[in-house]
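Single-structure report; data block below.
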Amino acid sequence: MRIWMDVTNTPHVNVMMPIYRHLQQQGHNIVITARDFSETVQLLKQNGINPIVFGGHYGKNKLKKSWGMLIRLLTLLIKVPKFDLAFSLGGIYTSVIAKFRGKKSISFSDNDFVSHKFLTFLLSDYFIFPSYFKYQKVQKKFHIKDYQIKLFNGFKEDIYIADYKTDEHFLDQLPFKEFITIRPENLKAAYVPKDAKTIVPELFEIFKDENILFLPRYEEEKEYARGLKNVWYPSKPLVGLDVCYYTKAMLTGAGTFAREAALLGVPAVSFFPRNEFLTVDVVLQQQGKEFKSRSPQEIKQYVDTAKRTSASLDRSKRVLQEVLQIFDDIIEAVE
């Protein structure tokens with residue numbers, strides 16, 4: 001079978017890779033496209049994939065964003081090679097193109113903020129959600145049949161943590177051996193309130209006695225670190241799981257890094273700039289594996305007292321096998 005996979009954001013790369021390798025081993029022909037956004041293309045190339053690149057990031061302005069999405073959709077419709085089944089995280093592009101071409105599509109999501117994904121839920125043929133995902137509302141609204149929804153008992157981060165092996169030479173890339181990691185909020189994202197402000201400079205100040213590995217999303221964010229000798233940022237993307245494994249604590253303005261660190265047993269903080277969190281983050285917070293706060297003082301107190309715990313790789317391996325079986329079952333149904 002010829003399968004089209006579309007990768008539109010940096011965190012998607014890690015999730016896609018184990019699935020991509022499995023499908024290849026099963027003898028399927030895979031076409032991979034990507035959006036030139038953040039480190040997405042670079043990470044794919046680091047994994048040995050040279051994607052077909054269509055579109056980029058069009059900013060937070062709703063008009064420009066909508067126009068950019070429309071242009072990318074039209075470009076994909078014309079230029080994506082023939083396929084039998086489409087798959088992506090989010091499904092915004094793949095579900096539309098697949099429907100136009102009379103093909104089936106799979107959408108994978110753990111994102112409860114679904115206001116901008118109505119086309120995904122309206123047009124996708126299959127949906128893969130973590131069991132924590134509150135899908136009942138969208139199922140009723142978009143008349144999604146039970147057989148279209150496939151649930152797995154874990155987190156999407158389990159899919160690639162399952163095969164994670166530490167890089168013993170990772171620290172050779174850094175100017176220090178002990179450090180905390182800070183990743184800014186994604187203030188350009190549509191799901192972030194317009195009036196949201198970063199707290200990264202305040203975190204730099206309150207952690208001035210710590211070595212800080214800083215992972216900026218955009219070039220302009222590097223200004224936050226100007227003149228700070230204890231703050232260092234890499235010139236190319238680092239392997240995220242290695243960062244999580246070796247850091248003393250992970251502080252991030254989003255969710256992926258926090259969930260990765262939490263599942264590896266590393267103290268994890270999310271200073272996501274919304275009062276509402278994804279259900280998967282709420283679950284980890286309730287389990288005591290992830291801490292949420294926008295207060296630098298509270299974050300400092302947590303980091304100073306939090307203890308590292310053991311990772312549960314066996315559980316992650318079971319989750320991976322469950323997800324791969326879901327893909328095999330869907331492909332069999334489509335064939």
Should [X] and [Y] count as side-chain neighbours, where that means a heavy-atom distance under 4.5 Å?
X: K156; Y: R259; value: yes
X: L278; Y: N111; value: yes
X: W4; Y: L85; value: no
X: R274; Y: P193; value: yes
X: F214; Y: L228; value: no
X: V334; Y: D84; value: no
X: L215; Y: P237; value: no
X: V96; Y: R101; value: no

Which residue pairs satisfy the ring-ring contact (aromatic ring centres under 6.0 Å, His included) criterion with at least one member in residues 278-319, sequence neighbours excluded?
F291-Y302
Would a distance-only check, ignoring hydrogens and angles, find a side-chain to backbone donor-acceptor pair under 3.5 Å from [X] to [Y]?
X: S270; Y: A254; result: yes
X: R294; Y: F271; result: yes
X: K150; Y: Y147; result: yes
X: S124; Y: S105; result: no
X: E185; Y: I199; result: yes
X: S107; Y: T120; result: no

Exceeds 12 heavy-atom contacts within 6.0 angstrom, atom [atom1] of [X]:
X: K82; atom1: NZ; result: no
X: Q301; atom1: CD; result: no
X: K197; atom1: NZ; result: no
X: N275; atom1: CG; result: no
X: F176; atom1: CZ; result: yes
X: K317; atom1: NZ; result: yes
X: F204; atom1: CZ; result: yes
X: E220; atom1: CD; result: yes

Give the ring-plane orientation class for F127 versus F121, where under 30° counts as parallel, over 60° as perpendicular and anything between as tilted.
parallel
May I ask you to decide if the ring planes of F37 and Y218 are parallel, tilted or perpendicular, using 30° and 60° as cut-offs?
tilted
Take F170 and V243 through the side-chain contact (heavy atoms from CB on, under 4.5 Å) test and state the conclusion after the steps.
CA-CA 8 Å; F170 174 77; V243 173; 3.7 Å; yes
Test salt bridge (Lys or Arg N to Asp or Glu O under 4.0 Å) on K99 and D125 and set out the steps.
CA-CA 9 Å; K99 189 63 66 175; D125 297 286; 3.8 Å; yes
Lys/Arg cation over aromatic F54: K79, 6.0 Å, 45° cone:
no
Tell me whether the guanidinium CZ or amine NZ of R217 lies under 6.0 angstrom from the six-membered ring centre of Y224 and within 45° of its axis.
no
Pair F87 and Y126, ring centroids less than 6.0 Å apart
no
Test salt bridge (Lys or Arg N to Asp or Glu O under 4.0 Å) on R183 and E260 and set out the steps.
CA-CA 13 Å; R183 174 79 158 171; E260 289 173 346; over 6 Å; no
Could you grab the distance from atom CD of E157 to atom OH of Y164, nearest 0.5 Å is fine?
15.0 Å
With side chain to side chain contact (heavy atoms under 4.5 Å, CB included) as the test, pick out the partner of F155 among I161, D281, D110, L284.
L284
Are S38 and T10 linked by a side-chain donor-acceptor pair shorter than 3.5 Å?
yes
Test log, rule ring-ring contact (aromatic ring centres under 6.0 Å, His included), inputs F108 and F152
CA-CA 11 Å; F108 185 117; F152 66 95; 5.6 Å; yes
